[in-house]
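Owing to the predicted nature of the structure, the values given are computational and were not obtained by experimental measurement.
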Amino acid sequence: MALLGVYFLVRGVLSVVVSPSFERFMADVRSGALDYTLLKPVDAQLHVSTQEVRVWKGVDSLLGLGLLAFS
């Protein structure tokens with residue numbers, strides 16, 4: 001049960017931050033907008049990885065936390 005909770009927790013975090021950001025990263029590469037991101041005086045890898053957040057997909061994280069608390 002705890003392993004399933006950890007799975008849902010990690011999957012939720014990835015679907016909230018990482019997946020949308022990488023989708024936008026690929027679109028920026030295709031359109032050429034990534035050049036502007038690379039010219040900014042911030043860490044480009046961190047900025048690209050956390051550029052877009054979809055909070056409503058955090059339900060998986062809450063489900064994972066619930067399963068961990070239950071187990």
Nearest atoms (heavy-atom pairs only) where Phe8 meets Gly64: CB-CA, 3.7 Å
Validation row: Val55, Val16 side chains within 4.5 angstrom (heavy atoms): no
Qualifying residues under side chain to side chain contact (heavy atoms under 4.5 Å, CB included), relative to Val10, sequence neighbours excluded: Val6, Leu14
Shortest non-hydrogen separation from Thr50 to Leu46 and the atoms involved: OG1-O, 2.8 Å
Side chain to side chain donor-acceptor pair (under 3.5 Å) against Gln51, all qualifying residues, sequence neighbours excluded: none
Within one Ile-Leu-Val-Met-Phe-Trp-Tyr cluster: Val48 and Val29, side-chain cutoff 4.5 Å: yes
Distance, nearest 0.5 Å, that separates CG of Leu4 from CG of Leu68: 9.0 Å
hydrophobic_cluster_shared for Phe70 and Leu63, side chain cutoff 4.5 Å: yes
Straight-line distance of Phe25 CZ to Glu52 CD, nearest 0.5 Å: 14.0 Å
Separation of Arg11 CZ from Leu9 CG (nearest 0.5 Å): 12.0 Å
Nearest-0.5 Å distance that lies between atom CG in Leu67 and atom CG in Leu62: 11.5 Å
Rounded distance (nearest 0.5 Å) linking atom CG of Leu34 with atom CG of Leu39: 9.5 Å
Gap separating the CG atom of Leu38 from the NE2 atom of His47, nearest 0.5 angstrom: 9.5 Å
Atom of Ser49, atom of Ser21 and distance for their closest heavy-atom approach: O-OG, 3.0 Å
Which atom of Met1 lies closest to which atom of Ser71, heavy atoms considered: CB-CB, 3.7 Å
